Novice: 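Got a structure for you, questions after.
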Amino acid sequence: MKIGRNDPCHCGSGKKYKKCHQAEDEARAREEKSLETHAEWVEFHGRALRDVARGALDAERLAAAASAWFGDDVPAEPLDDAAFLQHALYDLAPADGQPAIADATPADRPLSDAVVGLRAALADSHASLHEVTECKLGRGVRLKDHLLEVERWIADPALAERLQPLEVVFGRVVAVDKRPVLLEGFEKVAFRGRKKAITDLKARVAEADLPADEPGAHARWLRAHAPVVARRVREARA
């Protein structure tokens with residue numbers, strides 16, 4: 001619903017809209033209008049959701065997660081690591097709750113249905129190993145998730161400029177409005193160590209003996225064991 005300049009601001013401050021969030025909202029609208037691809041839209045709104053969700057992270061759980069992710073070499077600012085930040089916001093959840101991203105709602109503006117859908121997709125995402133099986137310049141890439149054994153076409157011309165066939169990346173593919181996107185923050189796996197890393201991690205998944213007839217079991221395993229996957233990937237890169 002459009003807010004009039006002299007209406008109360010949507011943030012609840014009691015001020016008129018023109019004296020509060022109008023300028024900020026209009027600037028955001030101009031920036032969003034300038035986005036050219038679906039991937040840019042996902043990154044634009046995902047960044048805003050992450051900023052809110054970071055404030056909801058529990059310090060004790062975060063410290064334990066950082067130790068599991070980095071081992072004995074936890075950096076001073078672990079959330080500066082893009083992959084770990086995604087793990088902290090999208091994977092970690094108390095037994096009776098949801099990951100921090102699931103409830104991320106900016107206090108100063110309402111969320112559109114599309115952004116609510118993005119938020120849900122991020123909360124249901126997982127990191128995995130993806131091989132580039134096809135790359136078409138100006139169009140996008142086809143990625144094979146080796147730990148779920150599925151392939152997806154990513155319609156992102158910019159990604160086709162950054163990846164090459166046979167490369168393997170560690171990252172998250174999120175389907176938003178039925179259009180898959182490889183989230184920013186992905187890492188390339190060392191070319192010489194990629195096959196061994198894939199073999200080792202596929203063996204770990206097989207050892208878990210996950211039920212083949214239970215939808216989502218493999219994705220849940222990957223969310224729970226993201227630190228294992230990340231450390232094996234980075235061993236291959238070393």
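All figures in this text were calculated on a predicted structure; none of them were measured in a lab.
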Novice: Can you tell me which residue pairs pass the side-chain hydrogen bond (donor to acceptor under 3.5 Å, both in side chains) test with a partner in residues 202-211, sequence neighbours excluded?
Specialist: Glu149-Lys202
Novice: Any chance the side chains of Asp25 and Tyr17 put a donor and an acceptor closer than 3.5 Å?
Specialist: yes
Novice: Apply side-chain hydrogen bond (donor to acceptor under 3.5 Å, both in side chains) to Asp200 and list each qualifying residue two or more places apart in sequence or on a separate chain.
Specialist: Lys196, Arg232
Novice: Test of understanding: with side-chain hydrogen bond (donor to acceptor under 3.5 Å, both in side chains), list the residues that count as partners of Gln22, not counting sequence neighbours.
Specialist: Arg5, Glu26
Novice: Would you please name every residue forming a side chain to side chain contact (heavy atoms under 4.5 Å, CB included) with Pro106, sequence neighbours left out?
Specialist: Val52, Asp108, Arg109, Leu111
Novice: Going by ring pair (Phe, Tyr, Trp, His ring centres under 6.0 Å), name the residues that satisfy it together with His87, two or more places apart in sequence or in a different chain.
Specialist: Trp69
Novice: Identify every side-chain donor-acceptor pair in residues 132-141 under 3.5 Å, counting partners at least two apart or on other chains, and give the distances.
Specialist:
residue	atom	partner	partner atom	Å
Thr133	OG1	Arg142	O	3.3
Glu134	OE1	Arg142	NE	3.0
Glu134	OE2	Lys136	NZ	3.3

Novice: Please list, chain by chain and in numerical order, all residues satisfying ring pair (Phe, Tyr, Trp, His ring centres under 6.0 Å) with His146, sequence neighbours excluded.
Specialist: none
Novice: For Phe44, give me all partners under side chain to side chain contact (heavy atoms under 4.5 Å, CB included), at least two apart in sequence or on another chain.
Specialist: Arg28, Glu31, Glu32, Leu35, Arg47
Novice: Is the side chain of His225 donor-acceptor paired with the backbone N or O of Trp221 at a distance under 3.5 Å, no angle test?
Specialist: yes
Novice: So, do Asp81 and Phe70 sit near enough that their side-chain heavy atoms are less than 4.5 Å apart?
Specialist: yes
Novice: With sequence neighbours excluded, tell me which residues meet side-chain hydrogen bond (donor to acceptor under 3.5 Å, both in side chains) with Asp156.
Specialist: none
Novice: Treating Arg179 as the side-chain partner and Ile154 as the backbone partner, does any N or O pair qualify as donor plus acceptor under 3.5 Å?
Specialist: no
Novice: For Arg119, give me all partners under salt bridge (Lys or Arg N to Asp or Glu O under 4.0 Å), at least two apart in sequence or on another chain.
Specialist: none
Novice: Members other than Trp153 in its cluster, when Ile, Leu, Val, Met, Phe, Trp, Tyr link by side-chain heavy atoms under 4.5 Å?
Specialist: none
Novice: Return all side-chain donor-acceptor pairs below 3.5 angstrom for residues 210-220, not counting sequence neighbours, or 'none' if the list is empty.
Specialist:
residue	atom	partner	partner atom	Å
Glu214	OE2	Arg220	NH2	2.2

